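Sequence lines set the chain letters: A, B, ... in the order given, protein chains first and strands last, and positions in each chain run from 1. All of these numbers come straight from a predicted model, not from anything done at the bench.
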Amino acid sequence: EDADSQRTAFLLRKQWSLYSVTPLYRFSEAHLRDYSRLLSAFIAAEKKKGLAVEIGGELDIKVAVTSLPDLKGSDRDQAAILVQLSSRSSASPKNSEEKLVWSGWFCCVAGDELSENLPEAFTCLPLFLVNGAESYTAIVGTWFQKTFDCCFRRLSLSPFNLSWMAAMWTGCKVEKPASATELVFSVPRLPHPLHISYAINLEDAQALWDTVQKTPGEITQEEVDVFMDCLYSHFYRHFKIHLSATKLVKVSTAVASAHCDGIIKFRQSQYLTGVLMLLTELAICQIQ
Amino acid sequence: MDETVAEYIRRTVLKIPRDEIKTMLQKWGFLSETQLQTINFHQMKDNISQDVVQCCEENSASIKQAAVLDIIYNHSYPNKRMWSVYQMNKTEEETDFFDLTDFRKKFKRHLRSALKNVTINFREYENNAIWIRIAWGTPYTKPNQYKTSYVVYHSQTPHAFISPSVLKSNLPLLCQALVVASNYQDIHEMELRSHSLNSLEDMVFKRYSQNFETYCPRPLQESTVAQESAAGLRIVQENINEKERIQRVNRDTFGDGPQPKLEFAEYKLETMFTSDPKLEVLDKKEPFRCMVKFHSPHLLESLKSLAPAGMADAPLSPLLTCIPHKARNYFKIREKKGFFPGSFVSP
């Protein structure tokens, strides 16, 4: 357990942008070193072409493609694959330190729905998470698309998805003191745009959720709706504003935060797999 | 001229929008009209500021004059700073005659007795508003001219607007000096904060148009009628009636004129959770603790537009509409005991 959390600790408290990825053709975990080399050469070539001008001409980019064997749901899932770009000053390569400038990882947690019907030659890693400059993301994405004939798409999170996350994550038991469950709403199309942050003390939110959620180990759409309606009614009682008419854009809890633009932040390692399972499901939905 | 003074003047001029520099220097009055004519105000700001510093050099500017320029800049662009509102009080009813010289002397004396290294400057504006600029140092270092506090004290009222520096530890001393100098007994912070100094003043001095003005009928928007199709005229009429009603109610609750400009309002809710008993959900007898924050470039106008946009009821909750009259944007809301649920008390 501890060794696990150490390995995945670097994933916590960072902002990750989400993408869905179609299955990779002829990808093999045995060739990760080769992929590192090839991607490295590709990046160098792109920089020569002047396509990566903003990144900084004097930096050598080193690529490491590794596997994260513990990041998966069941043994039927492909283990997560991590791609890391580090920079080193090309002026004095021996003296300067290596600095991590970009990370991206592919993963699949409980992706049976997609993987079980796939032909042998395909690898199912439908979720891609990125932290780092957009310019690197574009280059790495292009290489993967060319090499494995796959397709990346930004994964945005609808208010419907975010409501599920709010309810689900509120129900997770965490150590005190724990952050409140916060919902952020946006009303952009007014003459003066309005943002509303509605944060509920976690204990109180959990007390509400505990009375809403009737079936143990299972969450239904109806339960999520009741939970959210209760919160909306409480708000309406005070302010006479219909939150349901506004756009839910962000949910922040002790377990994780999610933004409608497809950005996630993991806060608790014990729930990492659980959150990834939900995100994998959303990615698969987008692919199909 | 001191190098630090020169640099400070240079940086202050750089903050000013290019088209305003000449006017501001004229208001400052430290450089003569002749000197101003030697400066080309159409060149790049970097060069303008160098030229200004050159002229100041000729006149041997000291930090005192540089500070005045900073006050003039902040008076023109007060919205760059965050302002809090303070109210002073005393037990005696009589208000003594306000003597500016006496005030300045007492204020300086109080600050300097605690802290030798401070720069203090005053400037009086219309409406009896006294602007005070304080640059703070420590017992061992000269005042940092870039970390200033500003006070706008309306001498005929018990109110002061303070924009503290990042060095928050000096705030109590500043408040004390204000109380002593103005012959009050104590001072407390009101729950009201904003970047818009003018709006704070409007709210505190009730200068915005309040909601009990004489009713002034507005002409119905002709375009709404023209756009609706001929069929469903009854629905159209109902819509117009409802739109009219919302506009009328908005006028009643918000008043006719432009709203004071606030950027946020914060509510700490400690009320009970209630729901339809059929739902069989939470029935605790303890408060359902929430923190609600509203943010907008122009909050009150934004809230006013919610009902017409169909997102809120008209009238909007008094928790929101009371913001201008109560002159506060921080609230703690608890349940009123023994009353119809839906009535709240805010201490």
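Neither the backbone nor the side chain of A:V184 has a heavy atom closer than 4.5 Å to any heavy atom of chain B. In this structure, chain A has no heavy atom under 4.5 Å from any part of B:P308. At a 4.5 Å heavy-atom cutoff, A:E182 makes no contact with chain B through either its backbone or its side chain. Contacts between A:F227 and chain B at a heavy-atom distance below 4.5 Å are absent for every atom of the residue. At a 4.5 Å heavy-atom cutoff, A:A180 makes no contact with chain B through either its backbone or its side chain.
Applying the 6.0 Å contact sphere to CD of B:E191 captures more than 12 heavy atoms from other residues, nucleotides or ligands.
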Quick one, B:D313 with A:H242, criterion side-chain contact (heavy atoms from CB on, under 4.5 Å). Give me CA distance, side-chain angles, the key distance, then yes/no.
CA-CA 8 Å; B:D313 290 355; A:H242 302 289; 3.2 Å; yes
side-chain contact (heavy atoms from CB on, under 4.5 Å) for B:T271 and A:H234? Distances and angles first, verdict last.
CA-CA 9 Å; B:T271 50; A:H234 188 74; 3.7 Å; yes
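The aromatic rings of B:F294 and A:F235 sit tilted, their planes meeting at an angle between 30° and 60°.
In this structure, CD1 in B:I333 is found 7.5 Å from NE2 in A:H238, a value given to the nearest 0.5 Å. Here B:K304 contributes atom NZ and A:L190 contributes atom CG; the two are 13.5 Å apart, rounded to the nearest 0.5 Å. Atom OG of B:S305 is separated from atom CZ of A:R189 by 13.0 Å, given to the nearest 0.5 angstrom.
Residues A:R237 and B:M272 approach most closely at NH2-O, 2.6 Å, considering heavy atoms. For the pair A:F239 and B:L316, the tightest heavy-atom approach, listed with the atom from each and the gap, is O-CD1, 3.8 Å.
Of the residues considered (A:S197, A:P191, A:A245), A:S197 shows the highest number of contacts with chain B, using heavy-atom pairs under 4.5 Å. Comparing A:L208, A:L183, A:I200 by how many heavy-atom pairs each has under 4.5 Å with chain B, the most go to A:L208.
Remark: the backbone N or O of A:P193 is paired with a side-chain donor or acceptor of B:S296 at under 3.5 angstrom.
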